[in-house]
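Quick caveat, the model's predicted, so the values are computed rather than measured. Numbers restart at 1 for each chain; the letters A, B, ... are given by sequence-line order, proteins then strands.
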2 protein chains.
Amino acid sequence: MDATPRWLTSEQQAAWDSFIRMQEKLIGRLSRRVQADSGMSASDYLVLAKLTETSGGRMRFMDLAKLVEWEKSRMSHQVRRMTERGLVDKEECPDDGRGAFIVATPAGVKAIEDAAPVHVEHVRRLFIDALSQEELDMLARISDRVLAHLERQAD
Amino acid sequence: MDATPRWLTSEQQAAWDSFIRMQEKLIGRLSRRVQADSGMSASDYLVLAKLTETSGGRMRFMDLAKLVEWEKSRMSHQVRRMTERGLVDKEECPDDGRGAFIVATPAGVKAIEDAAPVHVEHVRRLFIDALSQEELDMLARISDRVLAHLERQAD
DNA sequence: CTAGTGTAGCTGATGCATCAACTAACCGGT
DNA sequence: ACCGGTTAGTTGATGCATCAGCTACACTAG
């Protein structure tokens with residue numbers, strides 16, 4: 001218990017508020033758009049994108065989870081839902097009796113091929129078009145600094 | 001249908017990827033922290049913060065919804081859950097038979113007073129400490145530009 | 001070989017976000 | 001007075017994220 005918490009300066013507070021507001025509005029709008037246009041959530045999109053980027057369109061469950069930095073539980077639920085909708089399949093792993101391969105189905109491949117250009121257009125329209133290349137570079141640099149900072153800390 | 005989608009340049013793609021990764025990791029970690037420390041979600045925190053900033057700690061339902069830029073449905077569910085946990089109360093509105101006031105309960109006030117310093121510390125530790133004041137200013141400027149851009153567009 | 005430990009992945013419960021559809025009260029014009 | 005449109009707020013369904021706890025297989029040491 002600290003009796004005298006160190007509040008943020010008004011500049012710090014302003015930066016945080018702007019960032020939070022921007023991020024919420026941007027992500028919210030983008031994900032609603034993608035969902036409305038393609039019937040896929042951002043999570044569906046991400047999983048299918050990573051899967052189809054891989055040669056063979058198949059990946060071990062945990063490799064996929066690590067790649068997108070998700071907990072195994074989240075991935076498990078996600079894969080189950082996507083399996084139910086026919087976007088991916090699970091296959092047994094011959095080398096490891098516990099293991100599973102996740103494979104994009106033809107329908108899954110088609111879904112992401114259809115969704116990708118639309119997704120890119122939204123990203124461009126909502127975000128890229130708002131900023132100059134210098135600003136984009138700045139933002140990338142700042143984001144990388146924050147990321148590095150986060151990764152240095154114990155979770 | 002555009003047969004030749006305009007993909008992003010590699011610099012644009014890099015900026016977007018960095019931003020998305022940063023934002024997910026930062027928001028995810030912060031919200032898990034706040035939840036673990038105070039038993040409140042970011043939404044609970046926001047609602048209580050806005051309510052208690054108001055003189056009287058009470059606000060009309062839709063005013064509150066507009067203030068935090070939420071849909072009424074989201075607010076309605078949120079208020080119901082918070083009512084069930086004793087953080088806020090609903091009161092009838094004398095001027096408008098449809099209307100409701102949302103009021104922070106004493107428990108709600110205490111909850112946010114306890115949570116606020118912890119919340120600030122996390123924001124500082126996870127985010128503010130990663131960046132210089134110049135970088136914070138940059139980020140605020142960039143965020144405001146994106147926000148303005150979003151607000152110019154039809155939803 | 002077997003006992004212990006780590007790893008792969010699943011499950012159920014809970015809370016949150018969005019959508020569509022709904023009720024009820026208000027308000028302005030005729 | 002009443003009728004139609006608007007506003008206030010609720011509700012139920014569905015999908016997603018997190019947490020805690022679970023099974024089953026694999027690996028390693030003794």
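At the phosphate of D/dC16, OP1 or OP2 sits under 4.0 Å from a side-chain N or O atom of A/R85. The side chain of B/R60 places no N or O atom within less than 4.0 Å of a non-bridging phosphate oxygen (OP1 or OP2) of D/dA8. Phosphate proximity of C/dT7 to A/K72: absent, as no side-chain N or O sits under 4.0 Å from OP1 or OP2.
Look at CZ on A/F61: it is 12 Å from C1' on C/dT7, rounded to the nearest Å. One interatomic measurement links the two molecules: CE of B/M82 to P of C/dG15, which rounds to 13 Å at whole-angstrom precision. Residue B/M62 contributes atom CE, which lies 16 Å from atom P of D/dT6 at whole-angstrom precision. In this structure, the CG atom of B/D63 is 14 Å from the P atom of D/dT7, given to the nearest Å. Per the geometry, CZ belonging to A/R32 stands 15 Å off C1' belonging to C/dA20, to the nearest Å. Rounded to an integer number of Å, the gap from A/L46 CG to D/dA17 C1' is 14 Å. When the C1' atom of D/dA8 is taken as reference, atom CE of B/M59 falls 16 Å away, rounded to whole Å. Whole-Å rounding puts the A/R74 CZ to C/dA8 C1' distance at 19 Å.
Counting non-hydrogen atoms under 4.0 angstrom, B/R81 reaches a base of the nucleic acid. B/S76 comes within 4.0 angstrom of a nucleotide base, judged by non-hydrogen atoms across all strands. Residue contacts for B/D44: at a heavy-atom cut-off of 4.0 Å it reaches the sugar-phosphate backbone alone, with no base atom in range. As judged by a 4.0 angstrom heavy-atom cut-off over every strand, A/S73 is placed among the base-contacting residues.
Aromatic ring orientation, A/H119 versus A/Y45: parallel (interplanar angle below 30°, classes split at 30° and 60°).
Side-chain contact annotation: B/Q153 with A/R29, donor-acceptor N/O pair under 3.5 Å absent.
Where A/P94 and A/E71 meet DNA chain D, the nucleotide closest to each residue was compared, and A/E71 sits on the side nearer the 5' end. Looking at which nucleotide of DNA chain C each of B/D95 and B/Q35 is closest to, the 5′-most match is held by B/Q35.
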Stepwise side-chain contact (heavy atoms from CB on, under 4.5 Å) test for A/F101 and A/K90:
CA-CA 6 Å; A/F101 280 102; A/K90 279 182 262 194; over 6 Å; no
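With hydrogens and angles ignored, a donor-acceptor pair under 3.5 angstrom links the side chain of B/R98 to the base of D/dT7. With hydrogens and angles left out, the side chain of A/H77 and the base of C/dG12 share a donor-acceptor pair within 3.5 Å.
Note on B/D137 versus B/R141: no salt bridge recorded, every NZ/NE/NH1/NH2 to OD/OE distance being 4.0 Å or above.
Closest to the side chain of A/K66, out of C/dA8, C/dC19, D/dG9, is C/dA8. Listed nucleotides: D/dA17, C/dG9, D/dA26. Nearest to the side chain of A/D96: D/dA26.
For A/E92, the CD atom sits in a loose shell: 12 or fewer heavy atoms of surrounding residues, nucleotides or ligands are nearer than 6.0 Å.
With rounding to the nearest 0.5 angstrom, the CZ atom of B/R125 is 8.5 Å from the CD atom of B/E121.
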